[in-house]
Amino acid sequence: MKKALSTLLCILTLLLSTAFIFYELNHENDMLSNLGDSKESTAFFVKEASIDPEEEQIGLKKIADNLDATILRTDTVQEGDRLTIYKSGIYKGNFYKEITPLLSKGKIPKNDTEILATFDTKKAKQVGNIRDLFHDQRLVVQSLADFYQNNKGTVIGNYTLDVSVEKKEEALQQLASLFHTDVQDLLQSSYGKGVSEGTIFLLSIIIAIIVAMTFIVTSIFYPISKLKEIGVMKLIGFSNMKIWQKLNGKLFIPQWFVFLFIIVGCVLSIPDYSMSVFIKQLGIQVGITFLSFIISLVPLITVKRLKISNLLKKSFDFKYSLYGSYVMKFLVFMGLIFALPFISVHIQDLNTTLQAKQLYENEAKYDTLSHFIYQGDEFADSLQRGKKLENKIVDLYENLADEIGMQYNSIATLNIPFIPKNSLYVQGDINFVKSLNLAPTHEVEKAFHTKGTVYLLPESLKGNTQQVKDLHEELTESEGNTSATDFFYKESKEKFFSRDMTVVLEGKMTYENPIIRCLKPSDIERSSFIMNSANANPLRVLATKENEEKIKKQVIQSGLEKNEVRFQSILYTGYAKEMEIMKSSIIVLIFIILLTLGVSVISSYYIVLILLVSKQKEMVVSKLLGYDLFQRYKNEIFYFTSLYVFGLIETIVLSKSLLTTLIYFVIVGLDLSVIFLLFRNAERKSTNGLLKGEE
């Protein structure tokens, strides 16, 4: 048992150290992203290039000098296969002093002509390196003049103003005047940002919690498995604390060896591992040891209550240990129930995706846009809702639509009561609509040559004027235009594959009689999904050698050669990637579920053993006297039945899913099986021993 406890502590040390490194990595990335920000900082956003960079620098320098402010511009630039964050600005005197603790080597700049970076920029101006744990972040801190000198662009971008509270309003007014806009528009963000520690961090924390629970449950039962040793030590005259020392001697030493091994690994593998990181890590380890020590003292309650007279009579009172196991069982079981809906949803999604496999295989004859990268300031432009790269890809599509019949179609579900149940909303170009063969070619061409918004609708809506009007209002609300022209087609039973993984997971693998919006080139330029991932990309073209060659030529002509634009089969890109992600998610979830279930089963196991140790003779005598199972264990049956009924209610309320309920019954069945086998084997052994005259 001691080895099991030591192993659990070692695993806990490893998991929490891993979680800490990823937390620290995320914290560092967050600091790098927000470098230069303070409590007084205000973000502002320039959305239109009303002045040129030279005018901007003169104006910002004047504002910064007059109001003792720092004005910092942030840009993310694609350089080769990596992104580099540039913090470029006009700085007040104390700006670099705030960065000093982040330096791993070198010195802080003396003036704006010197730069800092997280990597070696190969520039003579660089005077220091900013700490970067894994050397996976590229950040450059420089003057605004240096940025414009090395990166051609406009003043459009994201900025930060750092000025005293008293001067903030005046500074914003001057900035608004400089950029020919108002303060409200200047402060309105054009994008949002989210930060997360990542999957490994979350997984480490979850498993660490499960391991900690296992340690607690095992600690509670530990002295019960050592009754003879405790009895001997009490007879010899050992104090309760001395007994604890004998039971837990050297329990915490192995985890410190593991911690030492982790530290050596960190020093060797993390380039910028620092003393501050080590101190934090050491603090966590001391905390683990201290809490483990406190938990290990809990069994002293059992040791203290255990009297020599009880040992001689084999009459034990372990009600506190039993209550502890009951509470742990309840908490773990409830936690397990909360996790069931998540795995149920993932299993359902996996099942749906597997069902769609044949349909994706039929689509293997089509290629879709599967890969592209940003170049220059295209990524920063996209963060500001610009469309530099998107417009080039739209041009590529328009040329290929004429040359090789490339199709455009995006599919979405509609939550409108009067829409036919099996119908979806499809936005498609003329090539796609023709391929559906829903209407004669001349009707389709007429629809696409009609001015304004045009819909192709199933005939079931032809006589429903009000429904069509409501449909127009629903679909064109975002454009502020409710006028539209309708064309109707004869409905059929033919089914079409929806292809978009998002729609597939909603249960709409196939559709019939769609509501179609006829998209013209101007519609696609204004609002498109052309940058979507492969499993939801609206572009598709027949995968032939001839088309492949024409696509390559057109990519070059459209200036997309450096963007590594590639068209590949949706089966081998979008579908395969989605399937891999889904399988990995389910494996992780099942692993966590099994670990949690293991703790739940261990709790049941300890409850049974405590009962058998404390009431062994009573239970055996009751059985020999003819008491049935319910009479012998009515208290325990009431507890477990209440737990299972409460868990069932929780499951139904949380998920309302038949699959989740079935998984729940499987877990309950497994739990009951363990309890039944334990009781049966223990009772049989105790009965045989009693009949043979054993004490």
- Distance from Asp75 atom CG to Ser88 atom OG, nearest 0.5 Å? 6.0 Å

- Query: Is Tyr644 reaching over with its side chain to a backbone N or O of Val668, donor-acceptor style, under 3.5 angstrom?
  - Reply: no

- Main-chain N/O of Leu251 paired to Ser6 side chain as donor or acceptor, under 3.5 Å: yes

- Query: Do Trp256 and Thr13 have side-chain N/O donor and acceptor atoms under 3.5 Å apart?
  - Reply: no

- State whether the number of non-hydrogen atoms from other residues, nucleotides or ligands found under 6.0 Å of Lys242 atom NZ is greater than 12. no

- How long is the span from the CG atom in Leu25 to the CD1 atom in Ile270, to the nearest 0.5 Å? 8.5 Å

- Is the side chain of Thr118 donor-acceptor paired with the backbone N or O of Ile130 at a distance under 3.5 Å, no angle test? no

- Query: Would you say the side-chain atoms of Asn129 pair up with the backbone N or O of Ser104, donor to acceptor, closer than 3.5 Å?
  - Reply: no

- Note on the structure: So CG of Leu9 and CG of Leu14: to nearest 0.5 Å the spacing works out to 12.5 Å

- Item | Heavy-atom closest pair, residues Tyr664 and Leu648 | OH-N, 3.1 Å

- Query: Stepwise, does the side-chain contact (heavy atoms from CB on, under 4.5 Å) test hold for Gln142 with Glu114?
  - Reply: CA-CA 7 Å; Gln142 61 183 9; Glu114 297 177 331; over 6 Å; no

- Message: Within the 4.5 Å heavy-atom criterion, are Val277 and Arg131 side-chain neighbours or not?
- Response: yes

- Message: With heavy-atom distances below 4.5 Å as the criterion, would you say the side chains of Ile71 and Asp162 are in contact?
- Response: no

- Query: So do the side chains of Val140 and Thr121 get within less than 4.5 Å of each other, counting heavy atoms only?
  - Reply: yes

- Task: Search all heavy atoms of Phe293 against all heavy atoms of Phe252 and return the closest pair with its distance.
- Result: CA-CZ, 3.7 Å

- Side-chain H-bond candidate by donor/acceptor type, Thr84 with Arg138, under 3.5 Å: yes

- Please assess Phe259 against Ile288 for the test side-chain contact (heavy atoms from CB on, under 4.5 Å), listing each intermediate value before the final yes or no. CA-CA 11 Å; Phe259 177 69; Ile288 295 172; over 6 Å; no

- Taking side chain as C-beta onward, heavy atoms only, is Gln255 less than 4.5 Å from Ile253? no

- Message: Is the shortest side-chain heavy-atom distance between Leu662 and Val666 below 4.5 Å?
- Response: no

- Query: Between Gln137 and Phe119, is there a donor-acceptor pair closer than 3.5 Å when you use the side chain of the first and the backbone of the second?
  - Reply: no

- Closest non-hydrogen atom pair, Ser673 against Gly669: OG-O, 2.7 Å

- Query: Once the angle between the rings of Tyr273 and Phe278 is folded into 0 to 90°, is it parallel (under 30°), tilted (30 to 60°) or perpendicular (over 60°)?
  - Reply: perpendicular

- Query: Which is it for Phe20 and Leu16 under the side-chain contact (heavy atoms from CB on, under 4.5 Å) test, yes or no, and what are the steps along the way?
  - Reply: CA-CA 6 Å; Phe20 167 74; Leu16 291 181; over 6 Å; no

- Nearest 0.5 Å, what's the CG-CG distance between Leu139 and Leu116? 9.0 Å

- Query: Can you tell if the side chain of Lys168 reaches within under 4.5 Å of the side chain of Thr42, non-hydrogen atoms only?
  - Reply: yes

- Note on the structure: Distance col, row Leu268:CG vs Ile263:CD1, nearest 0.5 angstrom, shows 11.0 Å

- May I ask you to decide if Gln285's main-chain N or O and Thr289's side chain share a donor-acceptor pair within less than 3.5 Å? yes

- Message: What I'd like to find out is whether the side chain of Pro109 reaches to under 4.5 Å of the side chain of Lys125, using heavy atoms alone.
- Response: no

- Item | Verdict with reasoning, Lys123 to Ile115, per side-chain contact (heavy atoms from CB on, under 4.5 Å) | CA-CA 9 Å; Lys123 295 179 180 179; Ile115 66 173; 4.2 Å; yes

- Here the gap from Leu8 atom CG to Leu12 atom CG, rounded to the nearest 0.5 Å, amounts to 8.5 Å

- Note on the structure: When every non-hydrogen atom of Leu187 is compared with those of Phe44, the smallest separation belongs to CD2-CB, 4.3 Å

